Amino acid sequence: MTDTPRFRDPQTRIGDLADEPILVACPRCSRCASVTPERLTCAGCALVRFPPDPDYRAWNRPIDPFFREPLWLRADCCGGHTLWAFHVSHLDLIERFVAATLRERGLGDRPGLTLVARLPAWMTAAKHRDEVLRTIAKLRTTLS
Ligand SMILES: [Zn+2]
């Protein structure tokens, strides 16, 4: 684990994460597929799908915001909670925040609305730090 005592909020908002493909479990073969606002594609079985409802967006749930497929990076954590991330950049951000012992709010205009500011309390509690970091490390092993 990297030692990152200080974390400065990079002001990422959850919607910004869709700039990178989101990893989901393929609805056909259950392997790792990727989702963009335009399409779902699976390298494992060559599935290609287009969004059922272009206006639909579901953020802040362990599903992708466009197709509502279960995220690839999700795991039970800390007794009944689900730790989830859209992709490895999202996982990195959570890890850096949770690992930090000094967390600084950013200087943006609405700091309370950033992704890390909205992480659930169970995830950011000091007593859960080790388990959350272990779960993140486990999720990394599912990425090839
Ligand atoms: Zn597939």
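A quick note: this is a predicted structure, and the numbers were derived from the prediction, not measured. Heavy atoms only: backbone and side chains are in, while hydrogens, waters and symmetry mates are out. Read the numbers this way: they start at 1 and go in the same order the structure lists the ligands and their atoms. Counting begins at 1 with the first residue of the sequence.
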Student: Go around the Zn ion (ligand 1) and count every protein N, O or S atom nearer than 2.8 Å.
Tutor: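 Number of qualifying protein atoms: 4.
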Student: Are side-chain heavy atoms of Cys78 and Val132 found at a separation under 4.5 Å?
Tutor: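 With C-beta onward as the side chain, the pair touches.
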Student: Does Arg39 CZ have over 12 foreign heavy atoms under 6.0 Å away?
Tutor: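 No, because the 6.0 Å sphere around CZ of Arg39 holds 12 heavy atoms or fewer from other groups.
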Student: So does Arg61 have more than 12 non-hydrogen atoms from other groups sitting under 6.0 Å from CZ?
Tutor: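 No, not enclosed.
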Student: Using a distance-only test with no angle check, is there a side-chain donor-acceptor pair under 3.5 angstrom linking Thr114 and Gln11?
Tutor: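 Short answer, no.
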Student: So if you build clusters from Ile, Leu, Val, Met, Phe, Trp, Tyr with side-chain heavy-atom gaps below 4.5 Å, do Leu17 and Phe7 land together?
Tutor: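 Yes, same cluster.
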Student: Between His90 and Phe86, what is the ring plane arrangement, given parallel below 30°, perpendicular above 60°, and tilted in between?
Tutor: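 Rings of His90 and Phe86: tilted, 30 to 60°.
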